[in-house]
Amino acid sequence: MPRYDLTGKVALVTGAASGIGKATAIRLAKEGANLALGDLKDLSELCDSLKNYGVKVVALKLDVSDYSSCESFYKSALSELCVERVDILVNNAGINRDSLFVKMSFEQWDDVIKVDLYSMFNMTKQVVPKMLENSWGRIVNVSSISWLGNIGQANYSAAKAGVIGFTKTLARELAKHGITVNAVCPGFIDTPMTRAVPEKIREMILSRIPMKRIGNPEEVASVIAFLCSDDASYITGEVIGVTGGLVL
Ligand code: NAP
């Protein structure tokens with residue numbers, strides 16, 4: 001049963017093959033949005049299953065760290081969906097390459113900054129001009145509670161803090177044009193990204209979560225769906241934690 005009616009809207013979700021991006025794609029399809037999905041990984045199975053919700057879906061290879069990949073992805077998605085614009089952008093794709101700073105290689109730093117921060121510019125730059133023409137848009141950027149600083153994540157924390165600054169600035173610039181820009185900060189969510197965390201560290205993080213459980217991707221997707229809807233029409237520049245109470 002849809003809660004936030006997005007019927008007829010076109011939503012673009014990056015990193016849609018897995019975890020939070022996949023849950024978001026499913027949730028937005030349930031809300032009636034047509035979808036442009038991008039990921040490094042193949043999305044054909046997800047694409048077929050989402051068509052059962054009666055929405056149009058196009059799924060294409062995308063590297064969010066590469067401006068020209070974002071440019072051609074956007075053009076191809078519009079043409080395959082036969083639409084002139086994207087109404088909703090969820091900048092979700094992200095990676096982590098954790099290491100204490102003294103051991104962190106330039107490559108670990110560079111990879112994370114490119115995928116988690118450059119992606120914000122690369123993808124948002126595509127969608128904003130047509131949102132401005134239409135005087136309506138929703139942009140949701142996936143940051144992380146780690147933006148506050150977390151041992152072993154100098155690269156990731158820097159990128160995710162950058163996402164917050166980017167979000168708040170764009171929110172101010174675009175507010176008068178009917179475009180809202182918000183960030184969600186997941187805490188510890190059960191996805192392939194966190195399944196790679198060693199058991200000892202998982203236990204330590206779990207002990208610090210007041211709700212005493214790891215979150216699931218659908219719990220993040222529901223906040224994203226809300227922020228994409230008209231129900232969130234007076235919310236912009238906000239940073240919303242989805243953490244079960246976890247504070248770093
Ligand atoms: P995930 O399960 O690893 O999914 C991320 C998806 O993005 C993967 O399919 C990944 O493909 C794809 N991707 C990676 N690099 C890409 C690129 N350059 N271009 C396009 N797609 C790319 O991770 P997740 O946990 O759902 O994370 C989603 C977002 O939430 C990320 O921004 C992450 O930082 C954030 N987040 C997650 C948590 C958490 O606890 N899980 C907490 C805070 C924030 P590959 O697998 O091939 O790399």
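Just so you know, ligand 1 is whichever comes first in the structure, and atom 1 is the first atom listed for that ligand.
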The protein heavy atom nearest to atom 23 (O) of ligand 1 is Met193 CB, 3.7 Å

CD1 on Ile235 to CZ on Phe226, rounded to 0.5 Å | 3.5 Å

Short question: side chain of Asn34, backbone of Lys56 - any donor-acceptor pair under 3.5 Å?
-> yes

Under 4.0 Å, heavy atoms only, figure out whether ligand 1 is touched by the backbone of Lys22, its side chain, both or neither.
-> neither

Considering only heavy atoms, which of Asp66, Thr191, Ile214 lies nearest to atom 25 (O) of ligand 1?
-> Thr191

From the options Asp111, Ile20, Ile189, select the one whose nearest heavy atom is closest to atom 37 (C) of ligand 1.
-> Ile20

Subset of ligand 1 atoms that lie under 4.0 Å from at least one heavy atom of Phe188 | 40 (O)

Residue, atom and distance of the protein heavy atom nearest atom 33 (C) of ligand 1 read Tyr156 OH, 3.4 Å

Is the closest N or O pair between Val115 and ligand 1 shorter than 3.5 Å?
-> no

Measure the CG-NE2 distance between Asn134 and His177 for me, rounded to the nearest 0.5 Å.
-> 13.0 Å

For Lys114 and ligand 1, answer yes if some heavy atom of the residue is under 4.0 Å from a ligand atom, otherwise no.
-> no

For the pair Asn182 and Thr167, evaluate side chain to side chain donor-acceptor pair (under 3.5 Å) and give the outcome as yes or no after the intermediate values.
-> CA-CA 6 Å; Asn182 292 289; Thr167 301; over 6 Å; no

Do Asn155 and Gln108 meet the criterion of a side-chain donor-acceptor pair at a distance under 3.5 Å?
-> no

Checking Thr236 side chain against Thr180 main chain: does a donor-acceptor pair fall under 3.5 Å?
-> no

Heteroatom distance test (Pro186, ligand 1): nitrogen or oxygen, under 3.5 angstrom = no

Heavy-atom closest pair (Phe188 atom, Ile214 atom, distance to 0.1 Å) is O-CG2, 3.3 Å

Which residue supplies the protein heavy atom nearest to atom 19 (N) of ligand 1, what is that atom called, and how far is it?
-> Val64 N, 3.0 Å

Sidechain-backbone polar pair: Ser143 side chain, Lys160 backbone, donor-acceptor under 3.5 Å | yes

Does the pair Asp39/Lys61 count as a salt bridge with the N-to-O cut at 4.0 Å?
-> no

So the atoms of ligand 1 within less than 4.0 Å of a heavy atom of Gly19 turn out to be 2 (O), 26 (O)

Determine the minimum heavy-atom distance between Ala25 and Leu35, stating which atoms define it.
-> O-CD1, 3.4 Å

Cation-pi, Trp136 ring and Lys9 (6.0 angstrom, 45 degrees) | yes

Ignoring angles and geometry beyond distance, decide whether Leu62 reaches within less than 3.5 Å of ligand 1 through its nitrogen or oxygen atoms.
-> yes

Select the closest option to atom 4 (O) of ligand 1 among Gly94, Gly215, Ser18, judged by heavy-atom distance.
-> Ser18

Gap between atom CD1 of Ile139 and atom CG of Leu227 - 0.5 Å precision = 12.5 Å

Polar proximity ligand 1 side, Lys41 side, N/O cut 3.5 Å exclusive = yes

Counting heavy atoms only, which of Asn216, Asn92, Val112 comes nearest to atom 31 (C) of ligand 1?
-> Asn92

So is there a nitrogen or oxygen of Ile145 less than 3.5 Å from a nitrogen or oxygen in ligand 1?
-> no

Between the main-chain N or O of Glu219 and the side-chain N or O of Asn216, is there a donor-acceptor pair closer than 3.5 Å?
-> yes

Heavy-atom nearest neighbour in the protein, as seen from atom 7 (O) of ligand 1, with distance rounded to 0.1 Å | Gly15 CA, 3.4 Å

NZ/NE/NH1/NH2 to OD/OE distance under 4.0 Å, Glu218 and Lys22 = no

Can you tell me the protein heavy atom closest to atom 30 (O) of ligand 1 and the distance?
-> Val142 CG1, 3.3 Å

Nearest heavy atom to atom 38 (C) of ligand 1 wins, so pick from Ser143, Gly187, Pro192.
-> Gly187

Nearest heavy atom to atom 18 (N) of ligand 1: which of Asp63, Ile95, Ile205 does it belong to?
-> Asp63

Those atoms of ligand 1 less than 4.0 Å from some heavy atom in Thr194 | 39 (C), 40 (O), 41 (N)

Are any of the N/O atoms in Ser144 less than 3.5 Å from those in ligand 1?
-> no

A student comparing Val242, Leu40, Asp39 should find that the heavy atom closest to atom 10 (C) of ligand 1 comes from Asp39

